[in-house]
Structure formats: structure tokens, C-alpha cells
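Data block below; observations after.
One is the number of the first residue; the rest follow in order along the sequence.
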Amino acid sequence: SLPKEAMADDEPSLRILGDPRDETQRTFIFRDEDHTLGNSLRHVLIKDARTDFCGYSVPHPSEPLVNVRLQTTGAPAHLVLTDGLQNLASICDTLTAQLKDQGATPTWPAAQSSTS
């Protein structure tokens with residue numbers, strides 16, 4: 001893989017690897033992500049009863065990629081991942097609301113928009 005500066009803007013932000021004959025096992029490769037997403041998503045997915053195994057890795061510190069390996073007990077891995085991402089987003093929304101209720105005003109960096 002290439003360093004972030006050398007990656008093409010049109011490279012997909014998510015790649016999915018796996019045997020098309022077995023939907024229960026997939027490796028999801030997230031572009032422009034790091035341990036923050038990898039560990040948080042792994043934690044949420046492990047808590048799902050449909051997950052048999054979940055792990056993540058960052059191939060190299062200079063590569064902005066996170067590999068998430070998911071094996072399920074029978075459900076299609078992409079559906080378990082989708083639910084996990086929605087659960088993680090809900091957790092983040094809940095934490096943000098709780099911080100605001102306590103008077104904290106979290107500020108997040110503005111999302112960079114890409115113009116193609």
C-alpha cells in the first residue's frame with residue numbers, strides 16, 4: 001500500500017476482501033483510519049452475539065489503513081459490520097449529548113470535503 005500522500009483520491013474508502021462463497025468471513029479495509037476506529041469497532045463487534053471472531057490491524061504506521069477481520073456465527077459479515085458501525089455511531093452520539101448536557105462543548109475538526 002502507498003503512503004497517504006501517494007494514495008489516489010479516487011481510491012475507495014472501504015475495500016472488502018473474502019471468499020464470495022462464504023459470506024460469514026470478510027476483511028474490511030478502511031482508508032484514512034487508524035487505531036481509534038479499529039479498536040472501537042472491534043470492541044462493538046465483539047459484543048455482538050453474531051460475532052465469532054473480530055480483530056483489527058494497522059499494517060504500518062505510515063499507512064492510513066485499518067484492516068478489520070470479522071467472522072460470524074452464520075450471519076453475513078457485511079450486515080454485522082453495518083450494525084456495528086451504526087451502534088458505534090449511536091454510542092458517539094450519546095456521549096456527545098451527555099457532554100453537552102454537562103456543559104462541555106466538544107469541538108471536532110471540520111470534515112475535509114473532496115472535490116473531484
Side-chain angles (χ1 to χ4, degrees):
S1 221
L2 300 170
K4 186 173 184 175
E5 303 80 39
M7 296 179 103
D9 286 337
D10 61 346
E11 187 173 328
S13 58
L14 174 64
R15 289 179 39 217
I16 303 172
L17 306 177
D19 185 341
R21 296 168 293 178
D22 184 0
E23 292 185 332
T24 66
Q25 302 182 46
R26 291 288 183 269
T27 298
F28 302 93
I29 303 172
F30 294 89
R31 177 181 163 203
D32 293 332
E33 296 295 346
D34 58 20
H35 291 283
T36 303
L37 176 68
N39 194 38
S40 301
L41 184 56
R42 181 201 58 81
H43 176 78
V44 169
L45 291 170
I46 285 291
K47 298 290 186 184
D48 189 315
R50 299 171 295 172
T51 297
D52 188 38
F53 170 83
C54 184
Y56 85 96
S57 65
V58 174
H60 190 275
S62 68
E63 291 181 295
L65 299 173
V66 172
N67 301 325
V68 176
R69 175 69 178 171
L70 178 60
Q71 295 171 214
T72 71
T73 58
H78 73 277
L79 294 179
V80 176
L81 176 76
T82 299
D83 290 347
L85 289 167
Q86 290 171 343
N87 289 342
L88 184 57
S90 176
I91 290 167
C92 291
D93 291 343
T94 299
L95 289 173
T96 300
Q98 288 177 355
L99 286 170
K100 286 181 181 179
D101 288 347
Q102 294 178 11
T105 53
T107 57
W108 311 112
Q112 295 180 355
S113 62
S114 61
T115 55
S116 300

**OP:** Could you tell me which non-hydrogen atom of Pro64 sits nearest to which non-hydrogen atom of Ser62, and how far apart they are?
**Re:** CD-O, 3.7 Å
Original post:
If you round to the nearest 0.5 Å, how far is CD1 of Ile29 from CZ of Arg69?
Top reply: 11.0 Å
**OP:** Answer yes if Leu79 and Leu14 sit in the same cluster of Ile, Leu, Val, Met, Phe, Trp and Tyr residues linked by side chain heavy atoms under 4.5 Å apart, and no otherwise.
**Re:** no
Subject >> Those residues that, when tested against Thr94, pass side chain to side chain contact (heavy atoms under 4.5 Å, CB included) (two or more places apart) >> reply: Ser90, Gln98
Subject >> Partner residues of Tyr56 under the ring-ring contact (aromatic ring centres under 6.0 Å, His included) criterion, sequence neighbours left out >> reply: His35
Original post:
Nearest heavy-atom pair of Ile91 and Val44: which atoms, and what distance?
Top reply: CD1-CG2, 4.0 Å
**OP:** Can you tell me which residue pairs pass the ring-ring contact (aromatic ring centres under 6.0 Å, His included) test with a partner in residues 61-85, sequence neighbours excluded?
**Re:** none
Original post:
Among Ile16, Leu17, Leu81, which one satisfies side chain to side chain contact (heavy atoms under 4.5 Å, CB included) with Arg26?
Top reply: Ile16
Subject >> Straight-line distance of Phe53 CZ to Leu70 CG, nearest 0.5 Å >> reply: 9.5 Å
Original post:
Which pair of heavy atoms, one from Gly38 and one from Val66, lies closest together, and at what distance?
Top reply: CA-CG1, 3.8 Å
**OP:** Tell me, please, which residues at least two apart from Leu37 pass side chain to side chain contact (heavy atoms under 4.5 Å, CB included).
**Re:** Phe30, Glu33, Leu41, Leu88
Original post:
Roughly how far apart are Asp52 CG and Thr73 OG1, rounded to 0.5 Å?
Top reply: 7.0 Å
**OP:** Can you sort out the partners of Thr24 under side chain to side chain contact (heavy atoms under 4.5 Å, CB included), two or more places apart, ordered by chain and number?
**Re:** Asp22, Thr72
**OP:** Check whether any side-chain heavy atom of Leu65 lies under 4.5 Å from a side-chain heavy atom of Arg31, and answer yes or no.
**Re:** yes
Subject >> By side chain to side chain contact (heavy atoms under 4.5 Å, CB included) - contacts of Asp83 (at least two apart) >> reply: Arg50, Gln86
Subject >> Residue pair Val68 / Cys54, side-chain heavy-atom distance below 4.5 Å >> reply: yes
